Structure formats: structure tokens, C-alpha cells
Amino acid sequence: MWSNGPVRGVTSPIPGIWRRVVNLRALADLPSTLHRLQGAGSGTVRADVGPYPVAYVSRPESVRALLDGDVPGIAERGRFFEEVSRVLGPSSLVTCSGAEHRRLRKLLAPAFRPEQVGAYAQTMVTATSDAQRRWSDGAEVVLGTEMAHLTLDVAARALLGLEAAEELDAFTAVLEAGTSVFYRLVLPRRLSDRLWATRLSPANRRLVAAQARVDAFVVALLSTRAARAAPRSPARPANLLDVLVAPGPDGRAPLGPEEIRDQVVTFLFAGHETTAQALTWAFVQLSRHPAVEEQLVRELDDVLGPRPPTQADLAGLRYTRAVVRETLRLFPPAWFSSREAVAPTTLDGCPLGRGTLVVTSAFALQRDPAHWSDPERFDPARWLGESAPAGADGAYLPFGHGRRNCIGSHVAMTELVLVLATTLRHWSVRVCEPERVRPRATVTLRPRRPVRARVVRRPSSGA
Ligand code: HEM
């Protein structure tokens with residue numbers, strides 16, 4: 001699928017600034033550039049982009065050391081995350097580091113324990129059925145929009161205990177304003193993108209205004225929560241919001257209002273955008289591979305029969321889980337991770353100056369023929385053997401690795417399997433021209449254009 005010519009600028013003898021200008025062009029076709037960087041062979045290579053000094057890390061051992069924070073001179077966060085903090089806030093679990101990060105991660109852990117994820121599972125199934133009640137047989141839908149509404153609804157109901165996504169208008173505003181600034185700032189494709197996202201720009205002013213609305217939203221959220229029934233009853237099990245506001249052992253609130261606000265924005269954002277992209281790619285892949293979809297639906301009939309799925313079915317839905325894993329291999333929504341050199345250092349013998357952005361890509365690693373057999377082939381069966389496929393040991397990182405790995409990975413896996421199972425029991429989701437859907441690497445790995453699909457009720461469906 002991708003060509004394997006030399007990496008523009010990386011192997012080129014063109015020096016200094018011109019090499020960077022040339023490399024800026026490589027951003028236009030990022031998937032193919034990453035693929036070639038991954039195959040460059042020497043483990044870590046310089047790949048400066050525009051004004052940024054950048055190094056790309058390809059060897060699984062080095063990738064794990066990088067993500068674990070084991071390379072001296074490389075910080076766990078960096079400039080990229082400073083930009084992220086304009087949207088998620090400086091106290092977000094995603095943007096903070098060191099002791100502050102360890103404290104927050106420990107505090108939030110109870111909201112992500114398996115028994116807690118079990119409590120979210122029922123909401124995932126209910127929200128999926130609710131969303132699909134609005135579908136009519138044979139209608140055309142924009143898949144990305146459908147999935148984003150659904151996963152935001154799940155995050156709002158399950159993590160924050162909101163009744164319905166309608167309460168989320170303020171959040172949607174910051175999300176829209178935030179992502180447009182964010183995408184242009186973090187991955188500028190041209191100089192105008194950087195100007196567009198400067199602090200004085202109209203775009204940034206919209207972001208600041210939207211943030212004021214989010215603050216009001218969080219204040220309202222906390223007062224509504226205080227007025228509701230006490231948590232931990234079977235009718236309302238504790239959720240992420242309960243964990244955020246629970247008093248510590250000394251009886252005092254562990255987080256201030258701004259820290260709570262940053263986590264609410266972070267979890268609504270991180271908890272829905274990636275999951276929506278993964279579901280969209282899963283439906284694209286199933287439309288491209290009807291035999292895989294048939295096998296999946298057979299499994300749903302065998303394991304579930306006429307009833308909806310529950311968390312207890314996850315173990316039995318082996319093939320559905322394999323489809324999810326294989327989708328995350330070929331189309332990992334979090335397609336790259338970055339860290340930053342804060343002192344001169346070396347990795348795989350490659351010298352890295354202070355300020356170098358050190359990146360790696362799950363997208364490229366998970367398609368590397370050095371680790372995966374027939375890597376471009378969508379083959380869920382590779383996950384069904386006695387042991388995991390060879391690449392899974394080190395070259396499969398859709399949820400990152402180490403102490404900054406995805407805290408929501410069990411929530412995400414549960415949601416992906418349950419949404420697919422709930423949907424495909426009743427509906428066939430036929431993506432229009434699935435072969436033409438191409439990835440575009442923005443902050444997440446999205447389809448280049450909106451994906452349209454026809455939703456058709458299954459003949460045997462009792463819905
Ligand atoms: C398919 C869905 C998802 C994918 C592919 C994904 C992927 C990732 C990856 C790769 C990272 C690590 C980034 C790094 O190394 O810098 C990460 C971090 C994170 N994810 Fe996810 N994620 C998903 C769903 C979720 C969900 C459902 C939640 C919340 C409920 C969530 C919350 C977070 C948070 C808060 C972090 C930061 C963790 C930290 O720095 O300690 N993610 N995610």
C-alpha cells in the first residue's frame with residue numbers, strides 16, 4: 001500500500017534549513033513518510049520537520065524505553081504537551097508529569113478497576129441501543145459523526161453520571177474550538193496554520209470563550225451531582241466523577257476546582273475521540289471484508305442468541321475481540337507518541353540535541369514487516385492462536401506503554417466490543433466505497449473524508 005523509497009530529507013544530503021523545508025512536504029503524506037522512517041533500519045533517525053528538530057524511534061526495545069521514561073535526558077512530556085495543555089489544561093492527567101502525575105494516576109485508579117469498568121458496561125449497551133433507535137432501515141449516516149455522538153454519550157453517562165448528552169453543549173463547544181486550534185498547532189501543515197493558532201488569533205479567542213463555558217458546565221455538573229442520590233448504590237454505582245470529588249483520608253478534597261475541571265475535559269475528550277475513530281475503522285474494515293463480518297455475526301448469534309451483550313460475554317466473544325485488536329493494529333487512533341530531549345543525549349547511537357522532539361508511531365510499528373507477517377492484511381484470525389502473534393510482544397502498542405500508558409484501555413476495549421456486538425446483532429453497517437477510505441494522520445488517525453454508510457436492519461433482528 002505504501003511506497004518504500006528513500007525518506008525525503010532523512011537520507012538526503014541536503015543540509016540544515018533546506019532539509020527541514022523539504023521535510024515539511026513529507027507531512028503531506030504522513031502515513032507513507034512514517035512507513036519509510038520505520039523501515040530506515042538504524043533504530044533512531046533524525047527527521048526534522050519544518051522548524052522542529054525531530055527524531056524517529058523504530059526499534060521496539062527503544063520505543064518501550066522511551067515510553068517508560070528510561071532514556072536519560074528525555075522528559076516524559078515536552079513542548080507538544082504544552083500545546084495540548086491549552087485545550088486540556090495544565091493539571092490534566094495527560095499533561096502533568098513527575099510526582100504530580102503519580103499522585104493523580106493513583107487517585108484516579110479506582111475509577112478504572114475491572115469491577116468499575118463492569119459498571120460502565122451496561123451504560124455502553126444502553127447508549128448504543130438508544131442511538132440506534134434513531135436509525136431507520138436503509139438510511140445513510142455519516143459514520144464518524146454517529147460514532148462520536150455515541151462515544152461522547154457513553155463517556156458522559158458512564159464516567160460523569162450525566163443523564164444524557166444534551167447536557168454537553170458547553171463541552172462540545174470547547175471541543176470544537178479546541179480541536180481546530182490544536183490540530184493546526186500540533187501538526188502545522190503550513191505557516192498560516194501557526195499564525196491561525198496564535199494566542200491573539202480569533203480561533204484562540206473562541207477557544208478561551210469556550211473554556212469559560214466549560215468552567216460553568218463543570219460547576220453545574222458538581223452541583224447536580226451533589227443533589228443526586230449517594231453513590232455506590234446498585235442504582236448508581238460510583239463513577240469517575242465520584243472518585244474525583246471523594247474526600248481523602250484527611251477528610252479534605254484532594255483536588256481543587258481547576259484540577260477537577262481539567263480531568264473532566266480530559267476524560268470527555270480522551271474517552272470519546274479515540275474510541276469513535278476505532279469504531280469507524282472497524283466498520284470500514286468489516287465492509288471491506290464481508291467474510292469477517294459474517295463470522296463475527298455468527299459468533300454473536302452463538303454466544304448471545306436474542307439477548308443483548310453484557311460485560312460477562314466479553315470472554316466468549318473471542319472473534320469480536322480479535323476484530324477489535326486487528327483494527328487497532330492497522331488503524332491505531334493514537335498513531336504517534338512524543339517525548340522531548342531536555343538535555344543532549346543519544347538513543348540507538350543517534351545524537352539528540354536539547355529540544356529534540358522524539359517520536360514513535362504505533363501505526364508504523366504495527367505494520368512493520370520485521371515484526372508482523374503479511375502486515376498490511378486485515379486478518380483477525382492472527383489473534384486466535386494458542387499464543388499471541390509474534391509482533392504482539394513489543395511491536396503492538398495501540399494503548400502506549402509503561403507508566404504513561406492509556407488509563408482507559410479496559411474501558412476502551414470493553415466499549416469497542418460491546419458497541420460492535422450491540423450494533424451488529426441488529427444492523428448491517430455498509431460503508432459506501434470502503435476501498436476508497438484513506439487514513440489521515442491528524443492528532444488522531446481519522447479517515448481523510450467523512451465516511452458514509454447505509455444502515456440496514458438484519459432480517460433476523462428483533463429490534
Ligand atoms: C481506542 C481507544 C483508545 C486508544 C487507542 C487510546 C490510546 C492511548 C495512548 C496510546 C495513550 C498514551 C499516550 C502517550 O504515550 O503519551 C493514552 C493515554 C491516555 N488515555 Fe487513552 N486511548 C483510548 C481510549 C481511552 C479512554 C476510553 C479513556 C478514558 C476513559 C482514555 C484516557 C486516556 C488518558 C487520561 C491518557 C493519559 C494517561 C497518562 O498520561 O497517565 N483513553 N491513550
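All ligand and atom numbering here is 1-based and tracks the order in the structure. This one's a predicted model, so the numbers in the text were calculated from it and none came from an experiment.
The distance from ligand 1 to the heavy atoms of F112 drops below 4.0 Å at these ligand atoms: 30 (C). Here is the list of ligand 1 atoms found below 4.0 Å of a heavy atom in A412: 2 (C), 24 (C). Heavy-atom contacts of R105 reach the following atoms of ligand 1: 38 (C), 39 (C), 41 (O) (cutoff under 4.0 Å). Under a 4.0 Å criterion applied to the non-hydrogen atoms of N405, ligand 1 contributes the atoms 38 (C). Set against the non-hydrogen atoms of G400, the atoms of ligand 1 under 4.0 Å away are 10 (C).
The two residues P351 and T346 make their nearest non-hydrogen contact at CA-CG2, 3.8 Å. Residues L67 and R339 share a closest heavy-atom pair of CD2-NH2, 3.6 Å. Considering all non-hydrogen atoms of both residues, P333 and L328 come closest at CD-CD2, 3.7 Å. Residues R329 and R382 come closest through the heavy atom pair NH2-NH2, 3.1 Å. Scanning both residues, L104 and S91, for their nearest heavy atoms gives CD1-O, 3.4 Å. The heavy-atom pair separating A362 from A334 by the smallest distance is CB-O, 4.1 Å.
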Yes or no on side-chain contact (heavy atoms from CB on, under 4.5 Å) for Y120 and N239, after CA distance, side-chain angles and deciding distance? CA-CA 8 Å; Y120 301 148; N239 56 35; 4.2 Å; yes
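Heavy atoms of R77 come nearer than 4.0 angstrom to ligand 1 in at least one pair. For R339, the heavy-atom gap to ligand 1 drops under 4.0 angstrom. For P398, the closest heavy-atom approach to ligand 1 falls below 4.0 Å. Within the 4.0 Å heavy-atom shell around ligand 1 one does not find E415.
If you check which protein heavy atom lies closest to atom 24 (C) of ligand 1, you get T274 OG1, 3.4 Å. Taking atom 6 (C) of ligand 1 as the reference point, the nearest protein heavy-atom neighbour is F399 CD2, 3.7 Å. Here the heavy atom of the protein found nearest to atom 12 (C) of ligand 1 is R404 O, 3.4 Å. Regarding atom 41 (O) of ligand 1, its nearest protein heavy-atom neighbour is H101 NE2, 2.6 Å. Of the protein's non-hydrogen atoms, the one nearest atom 37 (C) of ligand 1 is V94 CG2, 3.6 Å. The nearest protein atom to atom 20 (N) of ligand 1, hydrogens excluded, is given as C406 SG, 3.2 Å; this is a heavy-atom distance. Among protein heavy atoms, atom 34 (C) of ligand 1 sits closest to I407 CG2, 3.8 Å.
Contact annotation for H272 and ligand 1: no heavy atom of the residue comes within less than 4.0 Å of the ligand. The residue H401 has no part lying near ligand 1, judged by heavy-atom distances below 4.0 Å. Counting heavy atoms under 4.0 Å from ligand 1, residue L240 does not touch it at all.
In this pair, Y396 and W372 present their aromatic rings perpendicular. The plane angle is above 60°, beyond the 30 to 60° band.
A 6.0 Å sphere centred on CD of E61 holds more than 12 heavy atoms belonging to other residues, nucleotides or ligands.
For ligand 1, the polar-atom distance check finds no N/O of T266 at less than 3.5 Å from any of the ligand's N/O atoms.
For the residue pair E273/T444, the side-chain donor-acceptor check at 3.5 Å is satisfied.
Across A362, A334, A270, G402, heavy-atom proximity to atom 32 (C) of ligand 1 is greatest for A270.
R367 forms no cation-pi arrangement with F378, by the criterion of a distance under 6.0 Å to the ring centre and an angle within 45° of the ring axis.
With L365 as the partner, the side chain to side chain contact (heavy atoms under 4.5 Å, CB included) test is satisfied by one option alone out of S58, P60, P332: P60. None of V419, T151, V411 except one satisfies the side chain to side chain contact (heavy atoms under 4.5 Å, CB included) rule with T275; the exception is T151.
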